[in-house]
Amino acid sequence: VQLQASGGGLVQTGGSLSVSCAASGGTFSNYVMGWFRQAPGKEREFVAAISRSYGITRYAESVKGRFTISRDNSKNTVNLQMNSLKPEDTAVYLCAAVFMSSLRSVQTEKEWYRYWGQGTQVTVSS
């Protein structure tokens with residue numbers, strides 16, 4: 001599975017931004033999808049994930065209530081809508097995929113994800 005993230009950019013504190021990830025080369029609906037982020041000098045951290053079906057989601061505490069993950073299996077895309085952005089949200093955002101047999105399972109641990117996109121930069125200015 002190949003993943004291509006897009007949509008990052010520069011936004012002011014309190015603003016909104018949406019990043020998207022397009023998948024190819026596999027059956028998209030077979031994969032749990034996740035968003036992670038990595039800031040300079042920091043470890044890659046979990047942001048959000050969504051199940052294969054039924055729209056079951058998980059969020060990091062730091063983004064809960066501000067970010068929304070969604071997917072469109074007909075278009076092979078997963079999106080992350082980010083609202084009320086803060087300077088500490090500044091990072092490279094990466095999408096990732098992992099095959100899971102269950103339609104309802106969600107994976108939050110980066111070590112389980114097998115496929116990764118190249119990332120897109122999100123910068124929030126204060």
Side-chain angles (χ1 to χ4, degrees):
V1 176
Q2 291 80 48
L3 303 174
Q4 180 73 40
S6 61
L10 174 65
V11 65
Q12 291 185 335
T13 296
S16 297
L17 202 61
S18 179
V19 291
S20 296
C21 179
S24 61
T27 303
F28 182 70
S29 60
N30 284 346
Y31 295 88
V32 169
M33 299 300 298
W35 283 100
F36 293 78
R37 66 187 181 187
Q38 189 163 17
K42 295 189 177 181
E43 288 194 6
R44 188 170 298 182
E45 65 174 2
F46 169 75
V47 176
I50 188 166
S51 61
R52 290 174 53 191
S53 188
Y54 300 105
I56 298 168
T57 58
R58 294 288 184 272
Y59 296 94
E61 285 298 323
S62 59
V63 307
K64 201 172 289 185
R66 300 188 298 121
F67 290 13
T68 302
I69 187 172
S70 61
R71 67 187 294 163
D72 186 336
N73 286 344
S74 68
K75 297 181 179 178
N76 293 356
T77 58
V78 58
N79 298 311
L80 185 69
Q81 176 66 42
M82 302 178 288
N83 299 327
S84 302
L85 282 161
K86 306 174 182 179
E88 51 264 44
D89 294 319
T90 295
V92 173
Y93 283 72
L94 306 104
C95 60
V98 57
F99 172 81
M100 298 190 78
S101 57
S102 169
L103 293 174
R104 299 176 184 269
S105 295
V106 181
Q107 180 57 252
T108 63
E109 300 295 328
K110 61 182 181 292
E111 290 78 10
W112 287 94
Y113 281 83
R114 180 173 181 181
Y115 304 100
W116 293 84
Q118 86 291 355
T120 185
Q121 177 69 46
V122 171
T123 302
V124 185
S125 63
S126 57

Compare every heavy atom of G119 with every heavy atom of L94, then report the nearest pair and how far apart it is. CG-CA, 4.0 Å
Test side chain to side chain contact (heavy atoms under 4.5 Å, CB included) on T108 and F36 and set out the steps. CA-CA 9 Å; T108 63; F36 293 78; over 6 Å; no
M33 with V92, same ILVMFWY side-chain cluster at under 4.5 Å: no
Using modelled atom types and a 3.5 Å cut-off, is there a donor and acceptor pairing between side-chain atoms of S20 and backbone atoms of N79? no
Pairs touching residues 27-82 that satisfy disulfide bond (SG atoms under 2.5 Å apart), sequence neighbours left out: none
Tabulate below the donor-acceptor pairs under 3.5 Å that side-chain atoms of residues 5-17 make, not counting sequence neighbours, or state none.
unit_1 : atom_1 : unit_2 : atom_2 : d
T13    : OG1    : S125   : O      : 2.7
S16    : OG     : N83    : OD1    : 2.9

Output yes when a side-chain donor or acceptor of R71 lies under 3.5 Å from a complementary backbone atom of V32, and no otherwise. no
Going by salt bridge (charged side-chain N to carboxylate O under 4.0 Å, His left out), name the pairs with one or both residues in residues 94-116, residues two or more places apart or in two chains. none
Which pairs pass salt bridge (charged side-chain N to carboxylate O under 4.0 Å, His left out) with one or both residues in residues 73-83, sequence neighbours excluded? none
Checking one residue: Y54. Which other hydrophobic residues are in its cluster under the side-chain 4.5 Å linking rule? I56, L103, V106
Which residue pairs pass the disulfide bond (SG atoms under 2.5 Å apart) test when at least one of the two sits in residues 1-117, sequence neighbours left out? C21-C95
ILVMFWY network linking V122 to V78, side-chain heavy atoms under 4.5 angstrom: yes
Given the rule in the side chain to side chain donor-acceptor pair (under 3.5 Å) test, do Q107 and S105 qualify, once you have shown the distances and angles that lead to the verdict? CA-CA 7 Å; Q107 180 57 252; S105 295; over 6 Å; no
Tell me whether R52 contacts the main-chain N or O of S101 through its side chain, where contact means a donor paired with an acceptor under 3.5 Å. yes
Going hydrophobic residue to hydrophobic residue with side-chain gaps under 4.5 angstrom, can you get from L80 over to L3? yes
Show every disulfide bond (SG atoms under 2.5 Å apart) that has at least one partner inside residues 33-79, sequence neighbours left out. none
Pairs satisfying disulfide bond (SG atoms under 2.5 Å apart), at least one member in residues 42-80, at least two apart: none
Could you walk me through whether R66 and M82 satisfy the side chain to side chain contact (heavy atoms under 4.5 Å, CB included) test, starting with their C-alpha distance in whole Å, then the side-chain angles of each, then the deciding distance to 0.1 Å, before giving a yes or no? CA-CA 6 Å; R66 300 188 298 121; M82 302 178 288; over 6 Å; no
Write out all pairs satisfying salt bridge (charged side-chain N to carboxylate O under 4.0 Å, His left out) with one or both partners inside residues 30-50, taking only residues at least two apart or from two chains. R37-E45, R37-D89
Please tell me whether V63 and I69 are part of a single hydrophobic cluster in this structure, the criterion being side-chain heavy atoms less than 4.5 Å apart. yes
For W112, what are the other residues in its hydrophobic cluster, where any two members join if their side-chain heavy atoms are less than 4.5 angstrom apart? none
Could you pull out all residues at least two apart from Y59 that satisfy ring pair (Phe, Tyr, Trp, His ring centres under 6.0 Å)? none
Count I, L, V, M, F, W, Y as connected when their side-chain heavy atoms are under 4.5 Å apart, and connections chain through other members. Are W35 and F28 then in the same cluster? yes
Checking Y115 now: which residues fulfil ring pair (Phe, Tyr, Trp, His ring centres under 6.0 Å) with it, not counting sequence neighbours? Y31
List the atom of A49, the atom of Y113, and the distance in Å for their closest heavy-atom pair. CB-OH, 3.6 Å
